[in-house]
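Proteins get letters first, then strands, A, B, ... in listed order; numbering begins at 1 in each.
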Protein chains: 2
Amino acid sequence: MSITAEALPEVTATIADRIFDQLRQAIVEGEIPPGSKISEPVLAARYGISRGPLREAMRRLESSSLVERKPNVGARVITLTSEQLLEIYVIREALEGMAARLAAEHMSDAAIADLKRLLTRHRTDVAQEEWQTYFQKEGDLDFHFRIVQGSGNRRLINILCNDLYHLARMYRCQFGMKSDRARDALKEHELVVEAIAERDGELAEWLMRRHIRKSRKATERRLAAMQE
Amino acid sequence: MSITAEALPEVTATIADRIFDQLRQAIVEGEIPPGSKISEPVLAARYGISRGPLREAMRRLESSSLVERKPNVGARVITLTSEQLLEIYVIREALEGMAARLAAEHMSDAAIADLKRLLTRHRTDVAQEEWQTYFQKEGDLDFHFRIVQGSGNRRLINILCNDLYHLARMYRCQFGMKSDRARDALKEHELVVEAIAERDGELAEWLMRRHIRKSRKATERRLAAMQE
DNA sequence: CGCCCAAAGATTGTCGACAATAAGATTGAC
DNA sequence: GTCAATCTTATTGTCGACAATCTTTGGGCG
């Protein structure tokens, strides 16, 4: 499942849009490593395009804060520091908490049923401990993604899906996160869904915030251990 | 006081950056009216520049969702619907609530003293009922702006100051909002600052969220009355 | 030997021109 | 008279080239 706000057509009409998607993926997945300088002539040649559309794509990457640009100097892929990662968690706590509240109010019964099915699938995944690293983290984002979609707030969806989730994914690719929190996280997910199913927005928000806060603290601990 | 995240140099180095600022201002203040089509040749001629930098600026405006663009067709200034305005309030409730909590934890005593001074100034402004319309709304944003700055979360600051506040301002220019809530709002501001001064993040968040929720409801009522 | 200055190289920013797509107008047919 | 199709026109998307700026390399001076 692709993490984007709207269903994008197979091949985007304009080169600038296509190159934007490609570059974003390349950056998020680390193919273009963090901190590396982005040379317009080189990249244009690599993708077989002109510098015009490339620069337009770069301007959008700049807005997504995936690259940092200095006038007359050039652009570099951002390097996500631990502080920045924790900042993202804080914002997600606020926004996704609200998303959970809205989802409890607006989500259709069918969508909730779907969400429950997703969780049962995750439950079987967690049972097979081996697969942990990759599939579970991907599943975690998938869960959050659906809650946000369920909020029905288009702008909220955009902020989270067009920017923050890409950054979160980038961080994960950068550090090869393997969380030992899979079981706990799953349980927390279940509680959130339960609250949503009961249409208890207040509780859903509270649970979602606690869930993300716990994730942040786990990451904080892992970062501290890494540092030593 | 200019509503931007970082202090921008007097004149920006590159044309694309400068034209971005100018266009954003023109759109926010209604000089380029909502829904109007943006013709690249016309605008380029108007500003005496080429289409290259203009298109780069447009890509950034697109990312800020101030213009909507269809491939091979063109770009139009967005028209803020009432639904979208309310969506923004919801997001602000979540984000600024969190900002208030963080401000209570991180803000320096000097900054808090500054904030208090700002409020006393607003208090005298409110006393002179005449000035209401313009200065008070501007002051309202100024207050929120400072709280967000006080959070110390750079990304949070960016989201609010680079996108949402411009949208809020655009809406205000579009509808010439005069709120009858000045006195209530000021009181709510004072409570928030008090909580921050006491370093009570929990309460600060709660008060800020209630404040924004009340503003949203007032706007909702006004929109409903307008509609009839 | 190290530091500073200058020139060469490379890269970014900007421009005008061409190609491709979409909107609008004109003409023809029913 | 209305609809449809085609042609015209205008706008968007893309490209290559030039100008301005920064970086780097080389040389000279202290």
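Separating the CZ atom of Phe20(B) from the P atom of dG13(C) is a distance of 16 Å, rounded to the nearest angstrom. Atom pair Leu54(B):CG and dT11(D):P shows a separation of 14 Å (rounding to whole Å applied). One atom, CD1 of Ile15(B), and another, C1' of dA20(D), lie 11 Å apart when rounded to the nearest Å. Atom OH in Tyr47(A) sits about 15 Å away from atom P in dC15(D), given to the nearest Å. When the P atom of dG16(D) is taken as reference, atom CD1 of Ile49(A) falls 11 Å away, rounded to whole Å. The CZ atom of Arg69(B) sits 14 Å away from the C1' atom of dA22(C) (whole-angstrom rounding). Between the CD atom of Glu40(B) and the P atom of dA17(C) there is a distance of 17 Å, rounded to whole Å. Between the C1' atom of dT11(C) and the CZ atom of Arg51(A) lies a distance of 7 Å, rounded to the nearest Å.
Between Pro71(A) and Pro53(A), the residue anchored closer to the 5' end of DNA chain D is Pro53(A), taking for each the nucleotide with the nearest heavy atom. Each of Thr14(A) and Asn72(A) was matched to the nucleotide of DNA chain D holding its nearest heavy atom; the match closer to the 5' end belongs to Thr14(A).
Considering only side-chain N and O atoms, Arg55(B) lies under 4.0 angstrom from the phosphate OP1 or OP2 of dG13(D). For Lys70(B), no side-chain nitrogen or oxygen approaches OP1 or OP2 of dT21(C) to under 4.0 Å.
As judged by a 4.0 angstrom heavy-atom cut-off over every strand, Ile38(B) is placed among residues touching the sugar-phosphate backbone only.
Of the candidate nucleotides dC15(D), dC15(C), dA22(C), dA22(C) has the atom nearest to the side chain of Val73(B). Taking every side-chain heavy atom of Glu56(B) into account, dT14(C) is the closest of dC15(D), dC15(C), dT14(C). Residue Lys37(A) places its side chain closer to dT12(C) than to any other of dC22(D), dC15(C), dT12(C).
Salt-bridge annotation for Arg60(A) and Asp17(A): present, with a side-chain N of the basic residue lying under 4.0 Å from a carboxylate O of the acidic one. With salt bridges taken as basic N to acidic carboxylate O contacts below 4.0 Å, none links Arg154(A) and Glu87(B). Comment: Arg51(A) engages Glu40(A) in a salt bridge, judged by a side-chain N to carboxylate O separation of less than 4.0 angstrom.
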- Item | CA sep, side-chain torsions, deciding dist, call: Arg18(A), Asp21(A), salt bridge (Lys or Arg N to Asp or Glu O under 4.0 Å) | CA-CA 5 Å; Arg18(A) 184 158 42 81; Asp21(A) 287 334; over 6 Å; no

- Query: Should His189(A) and His211(A) be marked as a ring-ring contact (aromatic ring centres under 6.0 Å, His included) after you check the CA-CA gap, both sets of side-chain angles, and the distance that decides it?
  - Reply: CA-CA 8 Å; His189(A) 287 182; His211(A) 167 57; 4.6 Å; yes

